[in-house]
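Inspection log for the structure reproduced underneath, given as structure tokens.
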Amino acid sequence: MEITNPLIFGVPCFILLIIIEIIFSLKYDRELYQWKDFAASTSMGAGAVVLAIFTKSASLAAFFVVYEIFNPEVDGVRTNIMGYAAFGWAWYLWIICQVLDDFNYYWYHRLSHTVRVLWAAHVVHHSSDNFNLGSGIRNGWVTLFYKPIFWLYLPAIGFHPIMVTTCLAIQALWQFQLHTKFVPRLGFIEKFMNTHKHHHVHHSSDIEYLDKNHGGYLNLFDKIFGTFKDLDDDKEVHFGVLHPPNSYNPFVIVSHEYKHIWQDVKKSKNIKEAFMYVFGPPGWSPDGSSLTVKQMQRELEKNGTISMPQPPKAASVAS
């Protein structure tokens, strides 16, 4: 069965939608696009496209290898090592695969916010103070290498690699178009889908909104695992991260948090501290000189404010 990757059609659509949004912004919100920032986002997106030629080919090959190992042919039938026939192409299997894709995306995305070394890769996407379709293509480069790991079990249990990669592409298309301010509330759809207003929350640097709404196109798993938060329409939203790279240089943007991690590791007093600076939550510190998102949110809920010294530059926190 031959299926064309939807992203082949997605790229020209991305460009067209960005052009349309820029035209809208000239009339309705001239501050929406800052051109140096947009140029940085475009550079990051172009770099990701080039890298993806290799990483997506490698991930598809890995999916096929896993599929072949766990679903060998037995008497001409693909049979999973657990004893059942590998899954076919029925419509309901597409739905199941797409929901599992969102489950995978949720955990990949949540861990990319709560494990500092993964956040160092993902912070690229959040590093702009602007929220527009241009920032939607501001993609990290390192994430391309570890993201497919979260999907490997799907071909292992019997989903065809082409189905898995197609579901991944559909999710990517939905994710891109969420990065706009021009789409209003979507009514009933917001009960179960991750919509534009929910994604405003995710990209906010306001303390109460940090590390919320990690879903791809559903908000189901955010609600199940306690990370869903709706947007307060009466409150101004501030976008970006608490400690931005302060640069339009793509190489600074992609590497700044790794530099901060290394600075923290060098000042560690023992192996435990070094481990936590790398694999602990962003903002972790042994002496409370910087706080994690959960610590800040608890303090905000308890006291109505955050009273803490400015952390050293090396101890950045996530948003």
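Heavy atoms only: backbone and side chains are in, while hydrogens, waters and symmetry mates are out.
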- Query: Are Trp151 and Tyr105 side-chain neighbours, meaning at least one heavy-atom pair lies under 4.5 Å?
  - Reply: yes
- Which heavy atom of Ser25 sits nearest a heavy atom of Tyr33, and at what distance? OG-CD1, 3.9 Å
- Report whether Ile253 and Leu51 are members of the same hydrophobic cluster (ILVMFWY, side-chain heavy atoms less than 4.5 Å apart, transitive linking). yes
- Between Val142 and Ala121 the two heavy atoms that sit nearest each other are CB-CB, 3.7 Å
- Measure across Glu31 and Asn130 and return the closest heavy-atom pair with its distance rounded to 0.1 Å. O-OD1, 4.1 Å
- Message: Please check this pair: side chain of Gln175 against backbone of Gln171, looking for a donor-acceptor N/O pair closer than 3.5 Å.
- Response: no
- Message: Tell me if the CD atom of Glu301 is crowded by more than 12 foreign heavy atoms within 6.0 Å.
- Response: no
- Indicate yes or no for a side-chain donor-acceptor contact from Glu190 to the backbone of His198 under 3.5 Å, with no hydrogens or angles considered. no
- Message: Whether the side chain of Asn194 engages the backbone of Gly216 through a donor-acceptor N/O pair (distance < 3.5 Å, no angle test) should be reported.
- Response: yes
- Item | Parallel, tilted or perpendicular: rings of Tyr108 and Phe150 (30°, 60°) | perpendicular
- Taking the six-membered ring for Trp and the single ring otherwise, decide whether the centroids of Tyr277 and Trp284 are under 6.0 Å apart. yes
- Task: Measure the acute angle between the ring planes of Phe225 and Trp107, then classify it against the limits of 30° and 60° as parallel, tilted or perpendicular.
- Result: perpendicular
- Query: Does one side chain, of Ser127 or Arg138, offer a donor that lies under 3.5 Å from an acceptor on the other?
  - Reply: yes
- Query: Is the side chain of Gln177 donor-acceptor paired with the backbone N or O of Trp174 at a distance under 3.5 Å, no angle test?
  - Reply: yes
- Message: Ring-plane angle category for His214 and His202, please: parallel below 30°, perpendicular beyond 60°, tilted otherwise.
- Response: perpendicular
- Test: Arg116 and Asp264 ion pair at under 4.0 Å: yes
- Query: When hydrophobic residues are tied together by side-chain contacts of less than 4.5 Å, even through go-betweens, does Leu26 share a cluster with Leu16?
  - Reply: no
- Message: Within the supplied structure, the quantity of interest is the number of heavy atoms (other residues, nucleotides, ligands) at a distance under 6.0 Å from Phe192 CZ; does it exceed 12?
- Response: yes
- Task: Give the ring-plane orientation class for His125 versus His122, where under 30° counts as parallel, over 60° as perpendicular and anything between as tilted.
- Result: tilted
- Which heavy atom in Pro155 sits nearest to a heavy atom in Val164, and how many Å separate them? CD-CG2, 4.2 Å
- Hey, are Ser289 and Asp287 close enough side-chain-wise for a donor-acceptor pair under 3.5 Å? yes
- Task: Please report the shortest heavy-atom distance between Ile157 and Phe87, naming the atom on each side.
- Result: O-CE1, 3.4 Å
- Task: Indicate if Phe176 and Val49 have the same hydrophobic cluster label, given that clusters are the connected sets of ILVMFWY residues with side-chain heavy-atom separations under 4.5 angstrom.
- Result: no
- Message: Once you measure the plane-to-plane angle for His203 and His126, does it fall in the parallel (<30°), tilted (30-60°) or perpendicular (>60°) bin?
- Response: parallel
- Item | Glu68 and Arg78 ion-paired at < 4.0 Å | yes
- Of all heavy-atom pairs between Asp102 and Phe221, which one has the smallest distance, and what is that distance? OD2-CD1, 3.7 Å
- So, Asp233 and Arg185, do they make that salt bridge, N to O below 4.0 Å? yes
- Under 6.0 Å between the ring centres of Phe64 and His160? yes
- Under the 3.5 angstrom rule, does the side chain of Asn219 hit a backbone N or O of Met193 as a donor-acceptor pair? yes
- Any Lys/Arg nitrogen of Lys181 or Glu21 sitting under 4.0 Å from an Asp/Glu carboxylate oxygen of the other? no
- Task: Go through Asp222 and Lys229 one step at a time and tell me if the salt bridge (charged side-chain N to carboxylate O under 4.0 Å, His left out) criterion holds.
- Result: CA-CA 8 Å; Asp222 280 295; Lys229 191 171 182 65; over 6 Å; no
- Query: Hey, mind stepping through Ser247 and Asn249 against side chain to side chain donor-acceptor pair (under 3.5 Å) and telling me if it holds?
  - Reply: CA-CA 5 Å; Ser247 174; Asn249 185 324; 5.2 Å; no
- Relative to the ring of Phe24, is the ring of Phe182 parallel (under 30°), tilted (30 to 60°) or perpendicular (over 60°)? tilted
- Item | Within 45° cone and under 6.0 Å: Lys223 NZ/CZ vs Phe228 ring | yes
- Report the C-alpha separation of Tyr106 and Phe103 in whole Å, then their side-chain angles, then the decisive distance to 0.1 Å, and conclude whether the ring-ring contact (aromatic ring centres under 6.0 Å, His included) test is met. CA-CA 5 Å; Tyr106 173 84; Phe103 176 79; 7.6 Å; no
- Might you work through the ring-ring contact (aromatic ring centres under 6.0 Å, His included) test for His238 and His200, ending with a clear yes or no? CA-CA 9 Å; His238 303 91; His200 286 193; over 10 Å; no
